[in-house]
Amino acid sequence: TRSTRPQRLLKAVQKKAIKGDPQSVISTIDYFCRHSEWAMNVGDEKGAILDSVVCEVSPSTALELGTYCGYSAVRIARLLPPGTKLITLEFNPDYAAVARQIIEYSGLQDKICLVEGASGDLIPKMQELFGIKTLDFVFLDHWKDRYLPDIKLLEECQLLRKGSILLADNVICPGTPDYLEYVRNSPRYESKYFKSHLEYTKVEDGLEKSVFLG
Ligand SMILES: CCNc1ncnc2c1ncn2[C@@H]1O[C@H](/C=C/CNC(=O)c2cc(-c3ccc(F)cc3)cc(O)c2O)[C@@H](O)[C@H]1O
Ligand SMILES: [Mg+2]
């Protein structure tokens, strides 16, 4: 049967990227998605904004919702201080399998904990599963109608503390209107929009950075 797009993306990484070199894996994926097949990675333009927020927060505990092929997991983990880990949740086993191989190829497997499962099931178990109290940084890039219910769940599970940073992809395209309305109007968040473009295109998109105020 025909290969899937994530499998073709993985093949391009294994063929063209330098093993153990995260930047080379990132550049190879961006080149493939710009010149061969578009894929829904956060991409290089929004990725640079993601990088700057990760560097600014320098999180001890970081969570990503929606691993897909692992592109943003590699982007985030390559910037994490030694001894810190990114937890990334992915509920599609085929995508998780590709992501594991891309993460391993980049050499960052010791800084990334990829957990297969749905955010709604795993978030309530995070403290016990990973021995964490709260999260310093959360990157949201999974199903757009799940951003709002999942941050409400993070609040309920007391996984956010005063100063926790949420960074959400695609708040314009495909768009997350209910999430935006919530973080921009809730007294519990201070929100800021970073205008950019949909990965590998000229279409407007952006990231929303929200600080939990406790
Ligand atoms: C059920 C909710 N919980 C979940 N828990 C764990 N993993 C989840 C979950 N939802 C979805 N996922 C996974 O996250 C990923 C889903 C991402 C959804 N992203 C998008 O739809 C998306 C879509 C576009 C886009 C933009 C313009 C277009 F014309 C076409 C597509 C661009 C993006 O940057 C996107 O992120 C998949 O790997 C999926 O298996
Ligand atoms: Mg996205």
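Note: hydrogens, waters and symmetry copies are ignored here, and every other heavy atom, side chains too, is used. Here the structure is a predicted model, which is why all the values come from computation and not from measurement. As the structure lists them, so they are numbered: ligands from 1, and atoms in each ligand from 1.
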Checking Arg184 against Tyr193: charged group under 6.0 Å from the ring centre and within 45 degrees of the axis?
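Relative to the ring axis of Tyr193, which defines the angle, Arg184 lies inside both limits.
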Does Lys152 make a cation-pi contact with Tyr147 (under 6.0 Å, within 45 degrees of the axis)?
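Geometry flag: not set, cation outside 6.0 Å or 45°.
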Ring centroids only, cut at 6.0 angstrom: are Phe91 and Trp143 within range, meaning strictly under it?
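Phe91 vs Trp143: aromatic centres under 6.0 Å.
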Within less than 2.8 Å of the Mg ion (ligand 2): protein N, O or S atom count:
3
Between Lys195 and Asp205, does any NZ, NE, NH1 or NH2 come within less than 4.0 Å of an OD or OE carboxylate oxygen?
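Looking at Asp205 and Lys195, the cut-off is not met.
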Are the charged groups of Lys19 and Glu104 less than 4.0 angstrom apart, N to O?
no
Can you check whether Leu198's main-chain N or O pairs, donor with acceptor, with Thr201's side chain at less than 3.5 Å?
yes
Please report the shortest heavy-atom distance between Asn41 and Cys33, naming the atom on each side.
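That would be OD1-SG, 3.2 Å.
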Considering all heavy atoms of both residues, which atom of Thr84 and which atom of Lys111 are nearest to each other, and what is their separation?
O-NZ, 3.6 Å
Between Phe139 and Phe137, how do the two ring planes meet: parallel, tilted or perpendicular, split at 30° and 60°?
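Ring orientation of Phe139 relative to Phe137: parallel.
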In a simple table, one pair per line, please give the protein and ligand 1 atom names for every N or O pair closer than 3.5 Å, along with the distance.
unit_1, atom_1, unit_2, atom_2, d
ligand 1, 3 (N), Ser119, OG, 2.9
ligand 1, 5 (N), Ser119, N, 3.0
ligand 1, 7 (N), Phe91, N, 3.3
ligand 1, 19 (N), Lys144, NZ, 3.3
ligand 1, 34 (O), Asp169, OD2, 3.2
ligand 1, 34 (O), Asn170, OD1, 3.1
ligand 1, 34 (O), Asn170, ND2, 2.7
ligand 1, 34 (O), Glu199, OE1, 3.4
ligand 1, 34 (O), Glu199, OE2, 2.5
ligand 1, 36 (O), Asp141, OD1, 2.9
ligand 1, 36 (O), Lys144, NZ, 2.9
ligand 1, 36 (O), Asn170, OD1, 2.9
ligand 1, 38 (O), Glu90, OE1, 2.7
ligand 1, 38 (O), Glu90, OE2, 3.2
ligand 1, 40 (O), Glu90, OE2, 2.5

